[in-house]
Undergrad: 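Here you go, one structure.
In this text the structure is predicted, and so the values were computed from the model without any measurement. Naming: A, B, ... by sequence-line order, numbering from 1 per chain. Any value given below was found using the heavy atoms of this structure, including those in side chains, with hydrogens, waters and symmetry copies removed.
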There are 2 protein chains.
Amino acid sequence: MVRKACSAAPNVLSPQCPTRMVLDLIADKWTTLVIYLLSQGTRRYGELQREVGGISQKMLTQTLRKLEHDGLVKRVVYPEVPPRTEYSLTELGTTLREPLGALCKWAVEHLPDVEKARKAGARQRARASEALSA
Amino acid sequence: MVRKACSAAPNVLSPQCPTRMVLDLIADKWTTLVIYLLSQGTRRYGELQREVGGISQKMLTQTLRKLEHDGLVKRVVYPEVPPRTEYSLTELGTTLREPLGALCKWAVEHLPDVEKARKAGARQRARASEALSA
DNA sequence: CAGAATCCACGGCGATACTG
DNA sequence: CAGTATCGCCGTGGATTCTG
């Protein structure tokens with residue numbers, strides 16, 4: 001495991017730990033979706049809004065701006081009329097595909113387990129107390 | 001608006017896609033921290049609260065409950081006085097360590113890049129307008 | 001010690017309207 | 001088309017209090 005990431009103690013719990021940053025990065029409902037889409041190729045603003053489905057312009061713009069600010073997404077504006085803006089992953093942005101992919105892979109593989117646990121959870125919870133006293 | 005789930009095409013954009021579930025799972029400031037801690041060994045409620053630092057009992061309990069409900073965390077209550085509760089990762093929970101670790105690894109490796117981008121962004125943004133008019 | 005319950009503030013986020 | 005600006009809901013989450 002990655003230790004000395006933080007100052008002295010390998011503490012993920014301190015806010016300045018890089019782990020925290022990743023969370024801020026992906027712990028956003030939309031961010032991951034946008035990255036996913038862009039990992040498939042360059043998109044225009046409108047395309048993204050249409051494809052993500054359910055996202056408001058506010059959120060899309062906000063997400064895009066954050067991503068751009070973090071150097072993960074490249075924004076190219078063509079000073080034309082009508083306006084055209086194209087978004088794409090930067091070099092850095094593409095490096096996120098793998099770890100993100102690993103996570104998705106986990107989801108696909110373990111989804112059944114989680115669903116099973118969710119269903120069993122309700123029943124099991126009811127008998128939890130009695131099981132312990134036995 | 002429910003198009004085909006992601007049965008055939010892994011459409012991350014549809015809400016019922018497993019990817020969405022992962023997001024719901026980790027897209028929580030605390031969840032990842034808790035999992036990280038538990039991946040190091042069993043913890044008591046109070047220990048978690050102290051170690052995570054900054055988390056309220058409400059959030060801790062809530063997070064723990066969700067994790068338990070999803071079958072990632074095992075909760076053992078000892079009917080003693082004073083009460084003692086121990087939390088630990090389930091078998092399923094430990095499988096999350098790897099993909100989560102990959103993410104952390106990414107963070108550590110690319111943190112400098114992101115920070116650089118963040119710093120450069122501010123300056124660059126200032127010259128963006130003038131650059132266009134030039 | 002572990003947790004449930006309540007109150008409340010802030011901010012996320014969507015909807016809408018306007019601009020270049 | 002690609003945004004920005006404004007408003008308002010409501011969910012998230014913190015602080016506090018109470019219980020077994």
Undergrad: Starting from C1' on D:dC1, measure out to CG on A:Leu64 and report it in whole angstrom.
TA: 14 Å
Undergrad: Closest to the A:Gln62 side chain: C:dG3, C:dC13, C:dC1?
TA: C:dC13
Undergrad: Using the closest heavy atom to pick a nucleotide of DNA chain C for each, name whichever of A:Asp28 or B:Tyr45 lands nearer the 5' end.
TA: B:Tyr45
Undergrad: With a 4.0 Å limit, can you tell me whether A:Trp30 has a side-chain N or O closer than that to the phosphate oxygens OP1/OP2 of C:dG14?
TA: yes
Undergrad: Once you round it to whole Å, what is the distance between C1' of D:dA5 and CZ of A:Arg65?
TA: 14 Å
Undergrad: Counting side-chain heavy atoms from CB outward, which of C:dC1, D:dG13, D:dG3 is closest to A:Thr61?
TA: D:dG3
Undergrad: Identify whether the distance between the nearest side-chain nitrogen and carboxylate oxygen of B:Lys105 and B:Glu109 falls below 4.0 Å.
TA: yes
Undergrad: In whole Å, what is the span from the CZ atom of A:Arg75 to the C1' atom of D:dC1?
TA: 13 Å
Undergrad: Report the distance from atom CG of B:Asp24 to atom C1' of D:dG11, rounded to the nearest whole Å.
TA: 15 Å
Undergrad: Looking at A:Thr85, I'd like to know whether one of its side-chain N or O atoms comes within less than 4.0 Å of OP1 or OP2 on D:dC1.
TA: no
Undergrad: Counting side-chain heavy atoms from C-beta on, which of D:dA2, C:dC1, C:dC13 comes nearest to A:Lys58?
TA: C:dC13
Undergrad: May I have the distance from B:Ile55 (atom CD1) to D:dA15 (atom P), rounded to whole angstrom?
TA: 12 Å
Undergrad: Report yes if a donor N or O on one partner sits less than 3.5 Å from an acceptor N or O on the other, where the partners are the side chain of B:Gln57 and the base of D:dT16; otherwise report no.
TA: yes
Undergrad: Nearest whole Å is fine: how far is C:dA2 P from B:Tyr87 OH?
TA: 8 Å
Undergrad: Using a cut-off of 4.0 Å on non-hydrogen atoms, how would the nucleic acid contact of B:Arg50 be classed: base, sugar-phosphate, or nothing?
TA: nothing
Undergrad: May I ask you to say whether A:Glu51 pairs ionically with A:Arg43, meaning some side-chain N is under 4.0 Å from a carboxylate O?
TA: yes
Undergrad: Between B:Tyr87 and B:Arg75, is any side-chain donor less than 3.5 angstrom from a side-chain acceptor?
TA: yes
Undergrad: In this structure, how many angstroms lie between the P atom of D:dC1 and the CG atom of A:Leu48, rounded?
TA: 14 Å
Undergrad: Round to a whole Å and report the spacing from CD of A:Glu47 to C1' of D:dG3.
TA: 16 Å
Undergrad: Mind checking A:Tyr78 for me? I need base, sugar-phosphate or nothing, with any heavy atom below 4.0 Å counting as a touch.
TA: nothing
Undergrad: Would you mind telling me which residue lines up with the more 5' stretch of DNA chain C, A:Lys29 or A:Pro83, judged by nearest nucleotide?
TA: A:Lys29
Undergrad: Can you establish whether the number of heavy atoms outside B:Glu98 located under 6.0 Å from its atom CD is more than 12?
TA: no
Undergrad: Output the single nucleotide from D:dG3, D:dC1, D:dG13 whose closest atom is nearest the side chain of A:Arg44.
TA: D:dC1
Undergrad: With the threshold set at 4.0 Å, does a side-chain nitrogen-carboxylate oxygen contact exist between B:Lys66 and B:Glu68?
TA: no
